[in-house]
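Below: one structure, written as structure tokens.
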Amino acid sequence: MTPLTSRRQLLLSALAFTLLANKSVRAKEESATLKLSSAQARAHTPPPPPAASGKKIVMIDPGHGGIDSGAVGEEGSEEKHVVLEIANHIREMLSEHPHIEARLTRESDYFIPLGERVEIAHQHGANLFMSIHADGFTSPDASGASVFALSNRGASSSMARYLSQRENAADEVGGVKAAQKDQYLQQVLFDLVQTDTIKNSLTLGRHVLSQIQPVHHLHSQHTEQAAFAVLKSPSIPSVLVETSFITNPSEERLLGTTAFRKKIATAIVGGIVSYFNEFDAHNRRPS
């Protein structure tokens, strides 16, 4: 075990202890925050255990859902439906890799609070979390794909700030009170553990962008950062992928085709596989 690995495990163990200590205090608040309707509850089943045989778990999060349609295009396309199909393509393609197992935070059209999406990833023992979106902007001229990681120091651009504020408002659409969000930010040791997690998230973003660039225009050439609530896992590398702007008429038409959805899914899968290859190669190096 390397000193870095040992330090990380100690930090995660301390974080886990802190979470358990505060669990009883937060129980009532979390119950109210994450309570689902009866239809949503039926859609959820207890998560399967972490994958056996050393498989890596990739948690794919189709953004929005249910009462929260996400961005809506000029022709009426709803983000929530587009990203669910892209997520399903990603899961299907990743199933061809024997050492990777992909799971979805939602299988159909229902609402999940942002904090619960993060929690689902932890319950599944995920090694990676990726939220899929096709967002909108105030101008129909905005176009291209982007990848975002978490920032604890402010947004890296005005667009990153706008999109993070827009995405974080999803809980308000679903009726989740703002005071009950960001439960992880209240934990001691959060920032210490997450520094390494954000570094890995930026590496993941770089791999995904390098795979998307040959097949689709990039809105930003590098991984942007902002305070996306859905990326606030302390220990799981997490990115949010904006596949295109659904409010751009030409990109809305692209997103409406199965061919493009599969093309962007293929690129995302390539980025995930490339990231794991680099991560494994790094870990195999002698200390």
Side-chain angles (χ1 to χ4, degrees), residues 26-49 57-73 76-92 94-95 101-126 128-136 163-184 228-233 236 238-244 246 252 255-256 258 261 264-265 268:
R26 300 196 329 259
K28 292 184 180 179
E29 293 182 358
E30 289 182 357
S31 177
T33 303
L34 304 180
K35 185 178 181 181
L36 300 173
S37 67
S38 57
Q40 292 170 343
R42 287 194 298 272
H44 284 279
T45 56
I57 297 294
V58 175
M59 184 58 60
I60 305 298
D61 173 48
H64 308 283
I67 193 174
D68 175 22
S69 64
V72 179
S77 303
E78 293 184 326
E79 180 182 4
K80 64 177 182 177
H81 297 308
V82 171
V83 298
L84 180 59
E85 183 173 331
I86 293 173
N88 275 309
H89 288 316
I90 294 171
R91 176 170 61 176
E92 181 180 355
L94 282 174
S95 70
E101 181 178 342
R103 300 172 184 174
L104 303 186
T105 55
R106 67 178 178 96
E107 301 275 351
S108 57
D109 184 19
Y110 53 89
F111 175 78
I112 307 176
L114 298 175
E116 185 175 346
R117 294 170 189 261
V118 179
E119 186 58 33
I120 289 171
H122 281 271
Q123 291 173 357
H124 283 253
L128 181 156
F129 177 90
M130 181 175 290
S131 193
I132 307 297
H133 292 259
D135 217 333
L163 292 177
S164 66
Q165 291 172 346
R166 192 178 188 284
E167 295 297 350
N168 292 348
D171 273 357
E172 297 172 13
V173 175
V176 178
K177 295 180 180 179
Q180 295 173 321
K181 294 188 292 185
D182 292 352
Q183 56 180 304
Y184 286 120
F228 287 90
V230 77
L231 301 181
K232 291 179 179 177
S233 165
I236 303 173
S238 305
V239 296
L240 184 148
V241 179
E242 295 286 2
T243 56
S244 286
I246 204 169
E252 180 184 10
L255 288 164
T258 300
R261 293 176 183 182
I264 205 75
I268 291 170

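Hydrogens, waters and symmetry mates play no part in the numbers below; they use all other heavy atoms, side chains included. The model shown is predicted, which means the values in this text are computed figures rather than measured ones.
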Report the distance from atom [atom1] of [X] to atom [atom2] of [Y], rounding to the nearest 0.5 Å.
X	Y	atom1	atom2	value
H64	L84	NE2	CG	12.5 Å
E85	I90	CD	CD1	11.5 Å
H81	S108	NE2	OG	11.0 Å
F111	D68	CZ	CG	6.0 Å

Shortest non-hydrogen separation from [X] to [Y] and the atoms involved:
X	Y	value
I132	I60	CG1-CG2, 3.9 Å
E79	A134	OE2-N, 2.9 Å
H89	A265	CB-CB, 3.6 Å
V118	V230	CG2-O, 3.4 Å
I246	A71	CG2-CB, 3.5 Å
F228	L240	CD2-CD1, 3.7 Å

If only atom types and distance count, is the side chain of [X] paired as donor or acceptor with the main-chain N or O of [Y] below 3.5 Å?
X	Y	value
R261	V82	no
E78	S69	no
E252	S77	yes

Name all residues meeting the side-chain hydrogen bond (donor to acceptor under 3.5 Å, both in side chains) criterion together with R117; count only those two or more places apart in sequence or in a different chain, and write none if there are none.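 Listed in chain order: D61.
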
Do the charged groups of E107 and R91 touch, with an N to O distance under 4.0 Å? yes

By side-chain contact (heavy atoms from CB on, under 4.5 Å) - contacts of A126 (at least two apart):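 Result, side-chain contact (heavy atoms from CB on, under 4.5 Å) vs A126: I57, M59, A121, I236.
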
Using side-chain contact (heavy atoms from CB on, under 4.5 Å), reason through K232 and L114 one step at a time and then give a plain yes or no. CA-CA 10 Å; K232 291 179 179 177; L114 298 175; over 6 Å; no

Can you check side-chain contact (heavy atoms from CB on, under 4.5 Å) on R103 and I120, steps first, answer last? CA-CA 10 Å; R103 300 172 184 174; I120 289 171; over 6 Å; no

Using the side-chain contact (heavy atoms from CB on, under 4.5 Å) rule, take D109 and K80 through it: C-alpha gap first, then chi angles, then the decisive distance, then the call. CA-CA 8 Å; D109 184 19; K80 64 177 182 177; 3.1 Å; yes

